[in-house]
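Everything below concerns the one structure shown next.
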Amino acid sequence: MTSLDDIPVTQLKGVGSALADKLAKLGIHSIQDLLFHLPYRYEDRTRIVPMGSLRIGDVAVVEGEVMKTDLVMGRRRSLQVTLRDDTGFLVLRFFHFNAAQKNQLSDGARVRCFGEVRPGRAGFEFYHPEYQVNPPRMPPANEATLTPVYPLTEGIQQPRVRGLCQQALGYLDRYPIKDWLPQALLADYQLPGITEAVRMVHSPPAGAPVHLLLEGRHPAQQRLVMEELLAHQLSLLQVREQIQAREALPLLPAGDRVARFLEQLPFRLTGAQRHVMTDIRQDLSQPVPMLRLVQGDVGSGKTVVAALSALQAIEAGAQVALMAPTEILAEQHYQNFRSWLEPLGISLTWLSGKVKGKARQEALAAVAEGRAQIAIGTHALFQDEVVFHRLALVIVDEQHRFGVHQRLALRDKGVGGRLAPHQLIMTATPIPRTLAMSAYADLDTSVIDELPPGRKPIETIVLPETRRNDIVERVRNACQQGRQAYWVCTLIEESEALQCQAAEVTAQELAERLPDLSVGLVHGRLKARDKARMMEQFKDGELDLLVATTVIEVGVDVPNASLIIIENPERLGLAQLHQLRGRVGRGEQASFCVLMYHPPLSSNGKARLQALRDSQDGFFIAEKDLEIRGPGEVLGTRQTGLMQFRLADFERDKGWIEPVREMAPALMKEPGLVTALIRRWLGEKIRYGDV
Ligand code: ADP
Ligand code: MG
């Protein structure tokens with residue numbers, strides 16, 4: 001039987017090749033695609049909104065009496081009609097109008113209109129609203145439904161999409177949509193079938209529960225939300241299957257180097273570090289590629305876990321790659337790992353994009369011939385020209401942005417392109433449980449839920465920029481007592497150049513004001529060598545104060561630094577601030593973090609900085625960040641489309657995460673279901689590879 005997926009949109013009236021091309025840009029090819037092009041909100045024409053409760057961006061019906069009508073000359077001539085109801089007033093503005101309209105909209109006339117609220121010279125305004133003079137009583141039966149609003153693309157207008165979706169609905173009687181979800185499941189959750197759900201969301205009938213629909217909580221919407229979340233879950237489980245369909249080298253612990261390494265450490269592992277190592281050791285000994293995410297709050301000691309994992313692989317005769325997101329962090333790991341591993345007779349190679357010429361040839365050869373047992377660097381490690389001899393473990397540090405595609409691509413980097421390497425991903429940010437369950441469904445998770453003993457809490461202080469002098473004094477005092485400090489410059493501008501410039505200016509100013517201190521500077525535009533030297537000097541205590549951009553956000557570890565000043569913290573996410581703050585509080589002495597904001601602070605901004613002041617629990621802070629900024633921002637994946645949904649809203653729908661995760665493994669086994677649901681919901685947006 002023909003399915004709606006086989007019927008091209010060109011079957012619809014009014015869809016020629018030009019429009020079909022535009023629809024293709026939205027990923028719409030078939031009638032079914034169109035039916036899954038879902039409204040993301042509704043316009044509510046079923047009730048009149050009091051003017052006093054309007055907010056910018058609201059799309060609403062209002063009704064009132066004309067107070068006055070003016071012809072405004074200005075840059076563009078316009079007709080300005082001021083409307084009033086019992087609660088407030090609103091201006092209607094027309095740039096094109098005729099005499100009849102002007103007469104109609106005269107003082108005292110009753111007008112009902114529909115438009116979008118914008119800020120204007122004279123208060124809130126509607127531009128060119130749809131309007132009706134002397135309207136009938138509300139609600140007229142035929143209008144008592146919600147009007148769907150669809151995502152658009154260049155050159156397609158809202159009414160056009162609406163019309164097409166209405167036409168497409170006409171096909172449903174003859175060609176119902178295949179419902180892939182088991183009846184029993186739908187019954188359990190009291191959800192409607194797919195065809196009914198699709199019909200409801202595109203065209204809610206008069207009398208449908210308006211509030212539920214506006215909030216996205218109608219059972220029809222929830223049915224679709226659940227299916228969408230399920231499709232995402234299945235796509236990740238499929239990635240996991242695709243990776244684990246390959247074999248891996250089992251890395252069995254051998255030799256005594258792990259024990260020797262532990263002996264030379266100046267501390268004992270925490271219980272949490274030991275637990276996580278047990279998980280990892282177990283995974284590595286299997287002939288199946290490990291896919292493990294290690295989460296641990298700032299300072300919980302992930303680096304040692306990375307080193308121990310690397311050692312186990314090397315002891316088993318394999319090669320290891322350790323990747324870090326920034327040059328500074330990778331360099332720091334390189335130094336650490338050298339001091340830990342070289343005494344054990346292990347050879348290391350450094351590789352970043354900035355290693356050029358002969359040094360690069362040499363590094364590539366060492367990796368290819370297996371002379372380098374561990375290669376440390378930035379993402380340059382995984383360029384095509386880098387060929388490993390016997391790569392069996394990849395460690396990705398502080399890089400939760402490392403995406404699904406990259407994890408999938410790593411499959412082919414192992415021995416002979418056949419044996420996939422084990423993968424260990426360590427996150428920079430604690431990830432709330434619900435988010436981890438959905439965004440990292442392809443990974444097993446271990447949590448280092450304990451800090452090394454003896455850590456003192458960091459005292460966080462929120463001060464306005466007007467207290468700059470006092471703050472500079474504070475830096476002077478701390479450094480005179482032998483402590484070290486960071487001064488972090490942030491700017492709202494995305495431009496890296498401007499950020500670096502601001503850091504340069506600040507460093508200069510601070511050096512002048514603090515002539516007794518030695519002040520260093522690191523930012524993204526410095527040469528790798530200079531950056532490394534600067535970090536080295538800071539680490540060795542030759543610099544008292546390090547002025548930096550957010551390049552020091554993750555991973556940098558200088559235990560003697562006990563004071564960090566963060567400029568304009570109101571512009572950063574909570575998780576990022578938590579990371580920055582985590583640069584201090586790594587040693588014995590009491591540490592401080594000063595959040596130097598630029599007044600005035602919005603009430604939301606105030607609340608956010610307070611949350612940070614009151615808590616040092618990365619998981620708690622991440623939950624807050626998730627509530628405030630959504631999953632894309634928290635994961636740093638807004639651009640990649642991961643965790644971007646058509647209908648689901650992470651906050652509203654998080655109740656589905658757990659059930660979806662539970663039902664997914666059984667559904668993975670249903671023939672056809674996985675491919676169909678992924679195609680239906682993720683379409684072409686995400687192609688993970690061979691299905
Ligand atoms: P993160 O998890 O933020 O990457 P690091 O690995 O940089 O943390 O460790 C933070 C600091 O704690 C480092 O100076 C490290 O040497 C130290 N450290 C790690 N594990 C322990 C431990 N078990 N006991 C004491 N100090 C530790
Ligand atoms: Mg780290």
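One-based numbering, in listed order, for ligands and for the atoms of each.
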Query raised in the report: Any salt bridge between K302 and D397, counting N to O under 4.0 Å?
Result: no
Report summary line: Taking every heavy atom of D279 against every heavy atom of S446, the minimum-distance pair comes out as OD2-OG, 2.9 Å
Query raised in the report: Hey, what do you get for CZ (F538) to CG (N560), rounding to the nearest 0.5 Å?
Result: 8.0 Å
Requested in this report: Salt-bridge test for D412 and R246: reply yes if a basic N is under 4.0 Å from a carboxylate O, no otherwise.
Outcome: yes
Query raised in the report: Any idea which atoms of ligand 1 are less than 4.0 Å away from a heavy-atom of T270?
Result: 23 (N)
Query raised in the report: Just checking, any donor-acceptor pair under 3.5 angstrom between side chains of H379 and Q406?
Result: no
Query - Any side-chain donor near an acceptor of the partner, Q312 and S309, under 3.5 Å - result: no
Query raised in the report: Would you call D444 and R240 a salt bridge, taking side-chain N to carboxylate O under 4.0 Å as the test?
Result: yes
Query raised in the report: Is the shortest side-chain N to carboxylate O distance from E567 to R468 below 4.0 Å?
Result: yes
Requested in this report: Working to the nearest 0.5 Å, report the span between CD of E327 and CG of L526.
Outcome: 11.0 Å
Report summary line: For atom 11 (C) of ligand 1, the closest protein heavy atom turns out to be R455 NH2, 3.4 Å
Report task. Could you tell me the residue and atom name of the protein heavy atom closest to atom 20 (N) of ligand 1, and the distance to it rounded to 0.1 Å? Result -> Q273 NE2, 3.0 Å
Query raised in the report: Counting only heavy atoms, which portion of Q332 has something under 4.0 Å from ligand 1: side chain, backbone, both, or neither?
Result: neither
Requested in this report: Verify whether one side chain among H578 and D297 offers a donor that lies under 3.5 Å from an acceptor in the other.
Outcome: yes
Query raised in the report: For ligand 1, which atoms, with element, lie under 4.0 Å from some heavy atom of S300?
Result: 2 (O), 8 (O)
Query raised in the report: Nearest protein heavy-atom contact for atom 4 (O) of ligand 1: which residue, which atom, what distance?
Result: E398 OE2, 3.4 Å
Requested in this report: Find out whether L408 and I243 are in side-chain contact, i.e. whether some heavy atom of one side chain is under 4.5 Å from a heavy atom of the other.
Outcome: yes
**Report entry** E450 to ligand 1, any heavy atom closer than 4.0 Å
**Finding:** no
Requested in this report: Give the contacting part of R268 toward ligand 1: side chain, backbone, both or neither, where contact means a heavy-atom distance below 4.0 Å.
Outcome: backbone
Query raised in the report: Using the ring of each side chain (for Trp, its six-membered ring), is F337 parallel, tilted or perpendicular to H333, with breaks at 30° and 60°?
Result: perpendicular
**Report entry** Nearest neighbour in protein (non-hydrogen) for atom 9 (O) of ligand 1
**Finding:** G301 CA, 3.6 Å
Requested in this report: Report yes or no: does G296 have a heavy atom closer than 4.0 Å to ligand 1?
Outcome: no
Requested in this report: Between R586 and ligand 1, find which residue part has any heavy-atom pair under 4.0 Å and reply side chain, backbone, both or neither.
Outcome: side chain
Query raised in the report: Does G299, backbone or side chain, put an N or O under 3.5 Å from an N or O of ligand 1?
Result: yes
**Report entry** D557, portion touching ligand 1 at heavy-atom distance under 4.0 Å
**Finding:** side chain
Query raised in the report: Looking only at non-hydrogen atoms, which of V305, T303, L269, L265 approaches atom 6 (O) of ligand 1 most closely?
Result: T303
**Report entry** Contacts of the Mg ion (ligand 2) with protein N/O/S atoms, counting only those under 2.8 Å
**Finding:** E398 OE2
Query raised in the report: In the protein, what heavy atom is nearest to atom 19 (C) of ligand 1, and what distance, to one decimal place, separates them?
Result: F267 CZ, 3.6 Å
Query raised in the report: Testing I621, L574, T460 for side-chain contact (heavy atoms from CB on, under 4.5 Å) with S615, which one passes?
Result: I621
Query raised in the report: Any ion pair linking R533 and E536 (charged N to carboxylate O, less than 4.0 Å)?
Result: no
Query - V298 neighbourhood, listing ligand 1 atoms whose heavy-atom distance to it stays under 4.0 Å - result: 3 (O)
